[in-house]
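The block underneath contains the structure these notes are about, expressed in structure tokens.
In what follows, every chain begins at residue 1, and chains take the letters A, B, ... in the order their sequences are listed. This is a predicted model, so every value here is computed, not measured.
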There are 2 protein chains.
Amino acid sequence: MSTTSTTPQTAPRRATITDVAREAGTGKTSISRYLNGEMSVLSPDLRARIEAAIARLDYQPNQMARGLKRGRNRLIGMLLADLTNPYTVEVLQGVEAACHALGLMPLICHAANEVEMERRYLQLLTTYRVEGVIVNALGVREETLRPVVGSGIPAVLVDRLVDGLVADMVGLDNRAAAELGTRHLLESGFDEIWFAVQPFEQVSSRQLREAAFREAMGAQAGQAGQAGQVGQGGKGRARGHTLVLNLADTAEVERSLAELDRAIDAATNAGHSGRGGNLANPGGAARPAAPHSRRIALFAANAPVALCLALHLKARYGADWQSRVALLSIDDPDWAELTGVTTIRQPTYEIGYRAVEFLHERIEGVQTAARDCLLPGELIVRASTSR
Amino acid sequence: MSTTSTTPQTAPRRATITDVAREAGTGKTSISRYLNGEMSVLSPDLRARIEAAIARLDYQPNQMARGLKRGRNRLIGMLLADLTNPYTVEVLQGVEAACHALGLMPLICHAANEVEMERRYLQLLTTYRVEGVIVNALGVREETLRPVVGSGIPAVLVDRLVDGLVADMVGLDNRAAAELGTRHLLESGFDEIWFAVQPFEQVSSRQLREAAFREAMGAQAGQAGQAGQVGQGGKGRARGHTLVLNLADTAEVERSLAELDRAIDAATNAGHSGRGGNLANPGGAARPAAPHSRRIALFAANAPVALCLALHLKARYGADWQSRVALLSIDDPDWAELTGVTTIRQPTYEIGYRAVEFLHERIEGVQTAARDCLLPGELIVRASTSR
DNA sequence: CTGTTAGCGCCTTCAA
DNA sequence: TTGAAGGCGCTAACAG
């Protein structure tokens, strides 16, 4: 397996269409025609000679040159806000597949959560004359997209909208998903639900999820008679809270989590005194919350938030943290199954695939009004929320 | 936040260098010079006019055209075997960063574990005249890389070698890492260690890890007197096994896991009767293995394998599976911290970064013999292997 | 300092 | 059926 034989090769300069023409004893035009599949206009003889010449020279047409000439290079840009989020990677798979199927070549750009990067990449893509871009935007101002959209390059948005920009967009049906999750939690009899989400003023998907959560919490009265009494499990109306977790700022996160801790301790009648709460449970055996405490559940707006919560809870309450708090998350990272966390899986692959299809249509000149494609999430109930 | 105002734009045709020249009342050459930073040869006046013209026309040079002319387009290919593996994504981050720093633009290609895809992408990259490629190879035959390397395009390998190909490569110091892990397990007093790895005949990194594991197991006698007696913890010599897990084939995986189950049951004196073993422990309370049983540990060659093992064990022995078996994994996925699994973290970001640096040097013409850059892994001990 | 002249590799009329 | 000529947007000698 070690690197052994050397690889002696000719290598100097790639053959060009001119070389092939000479080798085949004909003109460049015929070669070009051959390359473009205009076989009907080539005598069997010439065609054979061309074929041979191409093989002999190991010729491969230069996409750049073709692109320069015909004005389309089959390149599309794909701008990703955060590759660290499993969601992103999954969408990417769908994008790759669709591109492959449609003869497109995706230029992947990773903004790594930096608005400045995003701006630069967009500008760079423009420079490569991509035929279109798929954007999982970070910056939400239309202005950032101006260089590309302003140039008439079609764009399709993924997961979130961009303020002031009219464009196709494909993503999760956030309202339905958040409602689905909230309902599940209510029906499972939780008395207190915390919706944890990253700062959401700027990101439409987060905003929609949060709003739908609050709405669903508000609607529970309608389902179970009048407010204050006879909830799902015969208890009263469940309480809902929104917890903002700015993952980019550790200090802020600390503060938010502290607030959550207080709530959990209160609901759980345990009175943990700050840190090291898990030391209070040395036996290691599972100890369910006290019988008369309120059942509390966390609803994470996405996987990164869920992970942050889980890590914190584990650190605070020990490996058995799930006996104290239930966790439901939008997104279905691979560790969800492992830890028994309930999730709402997004059809990520399809989202990516559809995005490329939309873009392709636009590139081909489709002029219809901006379209929205909202795909449903799938609730996957696991131990965390079912006893 | 909803899409509101429309975005009226000129859009028709991008301005070209000729347009700018006309607008600035000068020739194309001066514009070109300006674009290439040859400011010293431009009168302040002309320069100002050019600047203005460029701004007015919102001109952006066409990279394709430049590339065509000067023979270099700043594009490099990045071929990924499997984006599903967190390792890959992490390496990608380093690659992106380095590219950005060096003014390169990475074309990301995802082979999705299909050799045919890999072949096609390689050929496609060639067609776009990338200046170099970074390859996390799937197919290990040099022949696959022939179209690119044969064309004199520099390549650098990541994580694994390609049989018969001489090229720079950067990755983990596999021997050291596997040895580090094995030693840790031995020192922690495990009596039986299973090294789980995907089929490794074809992948150099897996092969090296497995070999180093066996070697380290063999070496324990030297550390603790003679074979058979006085092991690390006063017990006898620990036994080592290799378990091949072909993740691409569910049936095969089932079979391998069954073998593992038998071993665990035996070592653990539990005599689980096949499936549903977890039902035998209904109380839900943690029940450590019987006092006189042998302590058994699993050493996963990478994160996907570790996840497969963990999921299986959890399904079979319940949430408390870690009290029966310890798990150590090369790679440090985000769920490791959450589940308390011990890991050996690879310097993934740096691997990606170094790969690009190597490639860049080659592109710039460096001719030295093929280099290997082996970076060390970092052992992160967690609950799984420490009581 | 500045402009003119050739192409880079390919496609596309337009004639033959 | 075939080929010659011109040009895509840009750079790189050469003159002025």
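Nucleic acid contact for Leu46(A): sugar-phosphate only, since backbone atoms but no base atoms lie under 4.0 Å from a heavy atom of the residue. Tyr34(A) comes within contact range of no nucleotide atom at all, as no heavy-atom separation falls under 4.0 Å. Nucleic acid contact for Ser32(A): base, since at least one base atom lies under 4.0 Å from a heavy atom of the residue. Residue Leu42(B) is classed as a sugar-phosphate contact, given heavy-atom separations below 4.0 Å to backbone atoms only.
Asn73(A) places its CG atom 14 Å from the C1' atom of dC10(C), with the value rounded to the nearest Å. Across the protein-nucleic acid pair, Leu68(B) atom CG and dA12(D) atom P stand 12 Å apart, rounded to whole Å. With rounding to whole Å, Met64(B) atom CE is found 12 Å from dG9(D) atom C1'. Nucleotide dT12(C) holds its C1' atom 12 Å from the CD1 atom of Ile17(A), rounded to whole Å. Distance, Arg66(B) CZ to dC8(D) P: 18 Å, rounded to whole Å. Glu38(A) has its CD atom 12 Å from the P atom of dT2(D), to the nearest Å. Distance, Asn36(B) CG to dA13(D) C1': 14 Å, rounded to whole Å. Taking atom CZ of Arg47(B) as the reference point, atom P of dC1(C) lies 12 Å away to the nearest angstrom.
Comparing the P positions of dC10(D) and dC1(C) gives a spacing of 25 Å, expressed to the nearest Å.
For the pair Ser30(B) and Thr18(A), both in contact range of DNA chain C, the more 5′-proximal nearest nucleotide belongs to Ser30(B).
Judged by atom type and distance alone, Arg14(A) does not reach the base of dG9(C) through any side-chain donor-acceptor pair under 3.5 Å. At a cut-off of 3.5 angstrom, the base of dG3(D) holds at least one donor-acceptor pair with the side chain of Arg33(A). Lys28(A) contributes no side-chain N or O that forms a donor-acceptor pair with the base of dG9(C) under 3.5 Å. Taking 3.5 Å as the limit, the base of dA4(D) and the side chain of Thr29(A) contain a donor-acceptor pair of atoms between them.
For the residue pair Asp82(A) and Thr88(A), no side-chain donor N or O sits within less than 3.5 Å of a side-chain acceptor on the partner. A side-chain N or O of Arg14(A) and one of Ser151(B) form a donor-acceptor pair less than 3.5 Å apart.
A cation-pi arrangement is not found for Arg47(A) relative to Tyr34(A), the charged atom failing to lie both closer than 6.0 Å to the ring centre and inside a 45° cone about the ring normal.
For dG9(D), the OP1/OP2 oxygens have no side-chain nitrogen or oxygen of Tyr128(A) closer than 4.0 Å. At dG3(D), one or more side-chain N or O atoms of Thr26(A) fall inside 4.0 Å of OP1 or OP2 (strictly under the cut-off).
In this structure, Asp19(A) contributes its side chain and Thr16(A) its backbone to a donor-acceptor pair below 3.5 Å. Using a distance-only test at 3.5 Å, with no hydrogens or angles considered, no donor-acceptor pair links the side chain of Asn36(A) to the main chain of Glu38(A).
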Could you give me the CA-CA distance, side-chain angles and deciding distance for Tyr121(A) and Glu96(B), then say whether side-chain hydrogen bond (donor to acceptor under 3.5 Å, both in side chains) is met?
CA-CA 11 Å; Tyr121(A) 267 129; Glu96(B) 291 261 4; 2.9 Å; yes
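Side-chain proximity of Lys69(A) to dC8(D), dG9(D), dC1(C): nearest is dC8(D).
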